[in-house]
2 protein chains.
Amino acid sequence: MTMNASGGRRRPPTIHDVAREAGVSRGTVSRVLNGGHYVSPAAQEAVNAAIRKTGYVVNRHARSLITGRSDSIGFLLTEPQERFFEDPNFNVLLRGCTQALAAHDIPLLLMLAGTEDERRRITRYITAGHVDGVLLVSSHSGDPVAERLREAGVPLVACGKPIGLGSKVSYVAADDRDGARDMVRHLLSLGRRRVGMVTGPQDTPGGVERLAGYKEVLAEAGVALDENLVVSGDYSRASGEAGAERLLAQAPDMDAVFVASDLMAQGVLTALHRAGRRVPEDVAVGGFDDSPAAVASSPELTTIRQPWDRISAEMVRVLLAQIGGEDPAAVILPTELVKREST
Amino acid sequence: MTMNASGGRRRPPTIHDVAREAGVSRGTVSRVLNGGHYVSPAAQEAVNAAIRKTGYVVNRHARSLITGRSDSIGFLLTEPQERFFEDPNFNVLLRGCTQALAAHDIPLLLMLAGTEDERRRITRYITAGHVDGVLLVSSHSGDPVAERLREAGVPLVACGKPIGLGSKVSYVAADDRDGARDMVRHLLSLGRRRVGMVTGPQDTPGGVERLAGYKEVLAEAGVALDENLVVSGDYSRASGEAGAERLLAQAPDMDAVFVASDLMAQGVLTALHRAGRRVPEDVAVGGFDDSPAAVASSPELTTIRQPWDRISAEMVRVLLAQIGGEDPAAVILPTELVKREST
DNA sequence: CTGAAAGCGCTTACAG
DNA sequence: CTGAAAGCGCTTACAG
């Protein structure tokens, strides 16, 4: 890494300049900066005025060096990046986390670790203390990064339940099973009885839970489970398209399909359209996520809304609490059925 | 901001531990860390072995404190965030920049400044030296942030030409005008003569240039410009839909339309479909960007590919060069016509 | 080529 | 409530 100082920047004012301007010691300035405890109102005021006058901004490197904290948070994306970037949910999550952190004046470092090599490098970087905590977004959850970070004692909160780590790692997730149950119940309420499903990956909590919800409701309704009506996808649009083609071949009488993500549902719509099936007349289609994809497709998708705003806000809240010394926690948030044109 | 040290992290090894392990002074370790100049091969080797053995990772805060560099780069998004996050191009750009930077082991800080208040706060943060340079992504380009950062001497490269700042600020952009020319020429080559356009915002370089290209080619082909065939949008899907409706009302005989972004083109497709016009039989539709939206829509869009991978790579290259002391530079990259189903 | 030393800007016990 | 002082982990002239 080679970076030199740039041309035009003049040396910013230091705590020393502020102290001189305010006529107090540097210690007092620091105390004002750190909450104003044990500082007389007069000194307090003088320092604040001096800060305004000098345009002082704390040097975080100096502060971090002594406190041992970095005052920044990492947003870590492991595993296939393309998929996440293709997924509109990712945007909402990233934006939500950035904003929630900005409210605390904490910068967010974006970290991508798609290869094992990068994952090793990033893990070292993190465990060296360059961020105070990590927001982990990973699709497949046999993900070793979560375990490594947990072992190193790095505060961590995952988006979705990390399989295999139980409640030792904090996570925030929507209630996938309940959402799936709502959707399948909705499809049955329409009178459909040949309800197919395109699942998510089965090494993913969402993938597992949504399938479980589907099976439960079918069983409760006394509808026999037909293996030909279940195919698996990987959350990508392409896998939805392929999945629908398989379903059509295996179970031509399918009259509804629950698809574990809106993106896959877009693919399903494409395949159905090509096969000449009308949606929702011939086949009702239910998605999951309520992502922008849901209203971008035609017909617009009936889907299950994941509360992304709350998810990101909770992830940040739990992480900050954990950095503050609290124990890990799991937060499960309710979903909501959004009825549109596809059912 | 209140963040306490977390439970399990033990104190990481310092340069002092490495020096002891290697049997050299701390200065020598530092020299190895910073390029290995003026270090004997023997010392070099001993230090490297000690680094491996101790698992040493440099403390960036200490380094930054003394060098005055932060060894990190900011990715700054000003103006309406929703639009950018909705825009698939944003993802590609963000990912490309993150990866290009990762190759230099430089972390990327994501900064969102949608309100004037946030913009002020971020500007202070940046000018205080917390990042070495800024990758600026802003739609409307009367954007005061670019000017403020330039004045403060912060190395900066914009995505797209910042209006009003001339070549004082580095930027990387696709050749918008040339791309637009290619598309309109393509539409004319299909025999269409009533070619409409949905423009981008006219306070945006891309918005201006793409319209200019459209007008140029029409003039060159001897096709009179019809004001009824030109409406303006804001790059959002919704504005494309509304724009197409206006065009249909003003110029029902329109047989082709050039839309300044794929996202708007999706909206155009929706409106055309609703009006019962077949694409491309009745109306040929050309987009711009070659974003994921282009293949997600049906029919798939003929469009102009922006070389996003190269754009992000060049942005990073130019920024690092500028941080290294070079003067600002503008880089214009060629576009490419991608023929699909909509023309 | 190498070590001893100063110093980056801050925070935090420690005396008062 | 406040100042003087030590020290966080590193880099970089400065002597040798």
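Keep in mind that this is a model prediction, so the values were computed, not measured. No hydrogens, no waters, no symmetry mates; every other heavy atom, side chains included, goes into these values. In what follows, every chain begins at residue 1, and chains take the letters A, B, ... in the order their sequences are listed.
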If you assign each of Ile15(B) and Ala43(A) to its closest nucleotide in DNA chain D, which residue comes earlier from the 5' end?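 It is Ala43(A) whose nearest nucleotide is closer to the 5' end.
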Nearest-angstrom distance, P atom, dG9(C) to dA13(C): 23 Å
Expressed as a whole number of Å, how far does the P atom of dA5(C) sit from that of dC1(C)?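 Per the computed distance, 23 Å lies between those P atoms.
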Please state how far atom CG in Leu65(A) lies from atom C1' in dT11(D), giving the value in whole angstrom units.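 Computing the Leu65(A):CG to dT11(D):C1' distance gives 12 Å.
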Length of the NE2-C1' vector between His16(B) and dC10(D), whole Å: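 To the nearest whole Å, that distance equals 13 Å.
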Given Val131(B), Leu101(B), Val134(B), the one that forms side chain to side chain contact (heavy atoms under 4.5 Å, CB included) with Ile73(B):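 The residue from Val131(B), Leu101(B), Val134(B) that satisfies side chain to side chain contact (heavy atoms under 4.5 Å, CB included) with Ile73(B) turns out to be Leu101(B).
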Could you check Leu110(B), Leu135(B), Val137(B), Leu77(B) and say which one makes a side chain to side chain contact (heavy atoms under 4.5 Å, CB included) with Leu94(B)? Leu110(B)
Which residue lies toward the 5' end of DNA chain C, Ser40(B) or Arg26(B), if each is placed at its nearest nucleotide? Ser40(B)
Between Ala62(B) and Gln44(B), just flag the one whose closest nucleotide in DNA chain C comes earlier from the 5' side.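 It is Gln44(B), whose closest nucleotide lies nearer the 5' terminus.
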Looking only at side-chain atoms of Ser30(B), point me to the closest of dG9(C), dT11(D), dT2(C). dT11(D)
Is Asn59(B) close enough to dC10(D) that one of its side-chain N or O atoms is under 4.0 Å from OP1 or OP2 there?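 No, because none of the side-chain N or O atoms of Asn59(B) sits under 4.0 Å from OP1 or OP2 of dC10(D).
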Close residues, residues 48-56 of chain A, relative to DNA chain C [heavy-atom separation under 4.0 Å]: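 Residues of residues 48-56 of chain A under 4.0 Å from DNA chain C: Tyr56(A).
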Which dot-bracket notation, 5' to 3', represents the base pairing of DNA chain C when pairs are defined as Watson-Crick or G-U with both distances under 3.5 Å, crossing pairs as [ ], and inter-strand pairs as |? |||.||||||||.|||
